[in-house]
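Inspection log for the structure reproduced underneath, given as structure tokens.
Numbers for residues simply follow the sequence, beginning at 1.
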Amino acid sequence: MIVVATADFEVYHEVVADLRERGATFTTIEPDDPLPSKTVVVLTGAEHAKSFGDADAPTIVVDPDDSRQAVDQALATIRGEHGRTVVGVDPGRQPGIAVLAGETVVAAFQVPLGDAVDVVLEEVRGDDAVDPVVRIGDGSRLEGAKLINELEDVRVEMVDETGTTPYLGTGARGMGDVLAAVNIARLEGEAIDTREIEPTPGELQVIKDRSRERSETNRAIDEALARRVACGELTVEEALAVHRNDGNDGGGGDVPDRRDGNDNGDVN
């Protein structure tokens, strides 16, 4: 853990702002307080640097006019030998997920969209996760937006995924999404908290067609319900249930709102 230990307001303000911008995990203490047991590096001002001379963790002195350099040093220290934890996601109905520690791929998954957030959070919140970041490709707009909007309290970056899907030779069928996720993880993106997407007519038609395929009566849901599916509020199955109960008016019905991220179906 990064520990900010200073009574200098300017140092505190600059360092904390930079750490938050970088999505780093840290805590703050007064210079006279004991260091937490999980301290990996201490950030402090010049007037308190000697106070931590006997500490097991290295001390980085912050220049308030160039706090970013100190934060970069701290993050490099905390990443250590194994490197930063990066989770790359190739979004889709069955997202590919790759977990990297530095340049090493340590885990890979391909799961239904409804399970992807839980898988990602388990990886970034694990005891071995170092300065975690989640990088999501900008393709599959609706599915990607759903993931971004449901990943809370973790740094998320959106990555231009152009060229990340590799050519697959004989015997490699089915590996494309996971390999794309590895490539996405290795590309820096732009930090993003939420992504609002207005579904296109073509995307809504795809959802309607999918509902027709799953309908026992070969009837598609209407556009209002298709839009709710696109926004992640309903699964296709739930939309079909509303359609059956309420006819073709696209009413809400007694169906749970799926924006809490707990649905288990591939909704988009």
Side-chain angles (χ1 to χ4, degrees), residues 1-89 98-107 120-136 148 151-160 182-194:
M1 178 183 293
I2 297 173
V3 176
V4 180
T6 182
D8 185 319
F9 176 77
E10 187 177 7
V11 169
Y12 174 88
H13 180 270
E14 295 299 324
V15 168
V16 167
D18 281 343
L19 288 170
R20 285 175 175 163
E21 182 182 345
R22 301 288 290 276
T25 300
F26 66 94
T27 190
T28 61
I29 63 171
E30 293 295 326
D32 296 333
D33 292 344
L35 291 173
S37 59
K38 294 184 178 181
T39 301
V40 175
V41 61
V42 180
L43 287 169
T44 189
E47 70 275 23
H48 299 298
K50 294 181 179 179
S51 303
F52 303 99
D54 297 331
D56 294 332
T59 300
I60 297 174
V61 178
V62 180
D63 177 353
D65 294 327
D66 190 12
S67 59
R68 183 168 292 275
Q69 181 179 1
V71 170
D72 286 342
Q73 287 182 257
L75 292 176
T77 300
I78 201 171
R79 290 168 192 167
E81 179 181 347
H82 300 294
R84 186 180 200 180
T85 299
V86 182
V87 179
V89 182
V99 185
L100 277 64
E103 290 299 312
T104 303
V105 180
V106 296
V120 171
L121 290 178
E122 184 175 354
E123 294 300 320
V124 299
R125 291 175 177 171
D127 293 337
D128 296 332
V130 176
D131 188 21
V133 60
V134 180
R135 292 173 175 162
I136 299 177
I148 290 169
L151 284 168
E152 299 179 352
D153 302 323
V154 60
R155 180 179 176 85
V156 177
E157 296 178 358
M158 190 166 65
V159 172
D160 179 357
V182 172
N183 290 331
I184 288 169
R186 289 176 169 154
L187 298 172
E188 290 192 12
E190 294 186 5
I192 186 170
D193 294 322
T194 60

Taking every non-hydrogen atom, the tightest pair across [X] and [Y]:
| X | Y | answer |
| --- | --- | --- |
| Val154 | Val124 | CG2-CG2, 4.0 Å |
| Ala5 | Val42 | CB-CG1, 4.2 Å |
| Phe52 | Pro31 | CZ-O, 3.7 Å |
| Val15 | Val71 | O-CG2, 4.2 Å |
| Val40 | Ala57 | O-CB, 3.4 Å |
| Glu157 | Ile192 | C-CG2, 4.3 Å |

Would a distance-only check, ignoring hydrogens and angles, find a side-chain to backbone donor-acceptor pair under 3.5 Å from [X] to [Y]?
| X | Y | answer |
| --- | --- | --- |
| Arg84 | Ala101 | no |
| Thr6 | Asp8 | yes |
| Ser67 | Pro64 | no |
| Asp66 | Asp63 | no |

4.5 Å side-chain heavy-atom contact, [X] and [Y]:
| X | Y | result |
| --- | --- | --- |
| Arg20 | Asp18 | no |
| Val156 | Asp193 | no |
| Thr44 | Thr59 | yes |

Original post:
Is Glu14 salt-bridged to Arg68, going by a charged N under 4.0 Å from an acidic O?
Top reply: no

Subject >> Distance (rounded to the nearest 0.5 Å) between Ser51 OG and Leu35 CG >> reply: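 If I round to the nearest 0.5 Å, the distance is 10.0 Å.
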
Original post:
How many angstroms lie between CE in Met158 and CG in Leu187, if you round to the nearest 0.5 Å?
Top reply: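 Reported value, rounded in 0.5 Å steps: 13.5 Å.
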
